[in-house]
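First, the structure itself, so that you have it in front of you.
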Amino acid sequence: MQNSGGGNAERALLDWLRTWKDPRSPHGVATLNVSLFHTNRLFPLDAVIWTPTSCVIIEAEALAARQDGVLRIPLNGPWTIDGEPAAMEGRDRRTPLERSREHTFALQDWLSARGLGQRVVHGLALIVPVRGADVSVEQGWSDPSFDVILGDDPERLRHYFQTLAVQEKHLWTANDIAVAFRGLGILPYLPAPQELLNEGFLGPIDITLWHGGPNQAQAEAYAAEQSAGTDTRLPLLAVETPWYSPWKLYPRKHGDIDFGQAVMRTGLAIGMFVAFVWILWFVVTAVLTVAT
């Protein structure tokens, strides 16, 4: 998870996700208050939750005042509760449905540009009413990629993801999650490979996707464990690159082009070459001086 700040709705969502620790709970990884930069625009996302079978963007909203009645969700236009505008806590005057359409399309397009376009991105509006309010939801139209649930009972959210897990197939691998985290600039929050596999994401693992992050050592340890039972003998002339290699410190990103990484990698390689030549020249000069 990332950045536990936010409004009442985001804090409620975070508290619920933290309770999903028993074996029957939905499996996956969540990021909160993450930003997506795409097509020269910045899209602030309340939450993105990946499970082995789905990707869901959650628009979390809390009602600013107590309102009792039926929350009506039209296909277009404002949301109302018993004829009165639903007083949302957030500053964005658009409805959660309007934001969800924009955010799901942006993330879908962003993923497609990285070779992950065959996945459906779902939108979910989580509406948290004031404690004690009597609110129900009426959505007079159906869209398999968008749902609205009330945030007065954490079991509703749990049931939503359990239903998705039954309907969808295994589509997301651990490498897919790593590609997404790297591209979104949240590599420090990327779980270790074994943690993602334990959550049900599929392998195999490309450990280079973890290079440069805090779990790089765990990724390399996982790879070592996997190869322990196989014949790992190297050719006599094979040389394994050390940890300080430019290609390990600034690895190429799978499915993405990062010119910053390329410049740092090239600059470090040139610097190391110049340093090696300077040291070699110094040693040769010292030897020749002593010999004469």
Side-chain angles (χ1 to χ4, degrees), residues 1-4 17-18 20-21 26-38 45 47-56 107 110-119 121 170-230 232 234 238-269 272:
M1 295 185 188
Q2 177 195 10
N3 190 359
S4 58
L17 294 177
R18 282 174 170 166
W20 290 3
K21 297 180 180 179
H27 295 278
V29 58
T31 60
L32 273 67
N33 297 321
V34 63
S35 296
L36 167 65
F37 187 76
H38 183 57
L45 309 178
V48 183
I49 298 181
W50 281 274
T51 74
T53 60
S54 59
C55 174
V56 180
L107 183 58
W110 184 86
L111 291 170
S112 179
R114 285 154 180 78
L116 303 176
Q118 296 76 32
R119 284 83 168 161
V121 178
H170 280 71
L171 298 175
W172 291 90
T173 68
N175 287 345
D176 294 339
I177 303 302
V179 169
F181 271 59
R182 293 188 75 97
L184 290 171
I186 52 175
L187 180 61
Y189 300 95
L190 174 64
Q194 190 59 57
E195 294 177 14
L196 292 176
L197 294 175
N198 291 342
E199 290 293 327
F201 295 100
L202 300 178
I205 298 296
D206 179 3
I207 64 169
T208 62
L209 294 172
W210 276 260
H211 285 176
N215 286 321
Q216 176 179 335
Q218 293 190 47
E220 293 178 346
Y222 168 80
E225 291 175 3
Q226 294 302 304
S227 62
T230 61
T232 58
L234 298 175
V239 178
E240 184 177 357
T241 52
W243 66 267
Y244 52 82
S245 165
W247 285 266
K248 280 197 172 183
L249 292 176
Y250 303 101
R252 293 182 174 89
K253 294 184 178 180
H254 174 74
D256 199 2
I257 299 177
D258 192 325
F259 292 104
Q261 290 276 89
V263 170
M264 295 296 290
R265 185 167 55 246
T266 304
L268 181 58
M272 294 176 70

- Should H27 and T51 be marked as a side chain to side chain contact (heavy atoms under 4.5 Å, CB included) after you check the CA-CA gap, both sets of side-chain angles, and the distance that decides it? CA-CA 6 Å; H27 295 278; T51 74; over 6 Å; no

- Message: Tell me if a side-chain donor or acceptor on N198 pairs with a main-chain N or O of Q194 at a distance below 3.5 Å.
- Response: yes

- Item | From H211 atom NE2 to R182 atom CZ, the distance as rounded to the nearest 0.5 Å | 9.0 Å

- Item | Interatomic distance, L116 atom CG to D176 atom CG [nearest 0.5 angstrom] | 5.0 Å

- Specify the closest pair of heavy atoms between P52 and E199, including all atoms of both residues, with the distance to one decimal. CG-O, 3.4 Å

- Report yes if some heavy atom in the side chain of I186 is under 4.5 Å from a heavy atom in the side chain of V34; otherwise report no. yes

- For the student: nearest non-hydrogen atoms of P191 and N215, plus distance: C-ND2, 3.6 Å

- Item | T31 (side chain) donor-acceptor with V48 (main chain) under 3.5 angstrom | yes

- Minimal heavy-atom distance between C55 and W172, with the atoms involved, is CB-CZ2, 3.6 Å

- Query: For A47, does its backbone N or O pair with a side-chain atom of N33 as donor and acceptor, under 3.5 Å?
  - Reply: no

- Report the distance from atom CD1 of I207 to atom OH of Y222, rounding to the nearest 0.5 Å. 10.5 Å

- Point-to-point distance, once rounded to the nearest 0.5 Å, from CD1 of I205 to OG1 of T173: 7.5 Å

- Determine, stepwise, if the pair L202 / N175 fulfils side chain to side chain contact (heavy atoms under 4.5 Å, CB included). CA-CA 8 Å; L202 300 178; N175 287 345; over 6 Å; no

- What are the two closest non-hydrogen atoms of P214 and L187, and how far apart are they? CD-O, 4.1 Å

- Verdict with reasoning, L111 to V121, per side chain to side chain contact (heavy atoms under 4.5 Å, CB included): CA-CA 10 Å; L111 291 170; V121 178; 3.9 Å; yes

- Message: I need the minimum non-hydrogen distance between L209 and L190, along with the two atoms involved.
- Response: O-CD2, 4.2 Å

- Task: Would you check if there is a donor-acceptor pair between the side chains of T208 and D206 at a distance under 3.5 Å?
- Result: yes

- Query: Between W210 (side chain) and A178 (backbone), is there a donor-acceptor pair under 3.5 Å?
  - Reply: no

- Message: Would the distance check show the side chain of Q216 and the main-chain N or O of G212 forming a donor-acceptor pair, the cut-off being under 3.5 Å?
- Response: yes

- Audit row: L171, T53, side chain to side chain contact (heavy atoms under 4.5 Å, CB included) steps and yes/no: CA-CA 5 Å; L171 298 175; T53 60; 6.0 Å; no

- Task: Name the orientation class of the two ring planes belonging to W50 and F181 (parallel below 30°, tilted from 30 to 60°, perpendicular beyond 60°).
- Result: tilted

- Task: For R119 and S54, indicate whether the former's side chain and the latter's backbone hold a donor-acceptor pair under 3.5 Å.
- Result: no

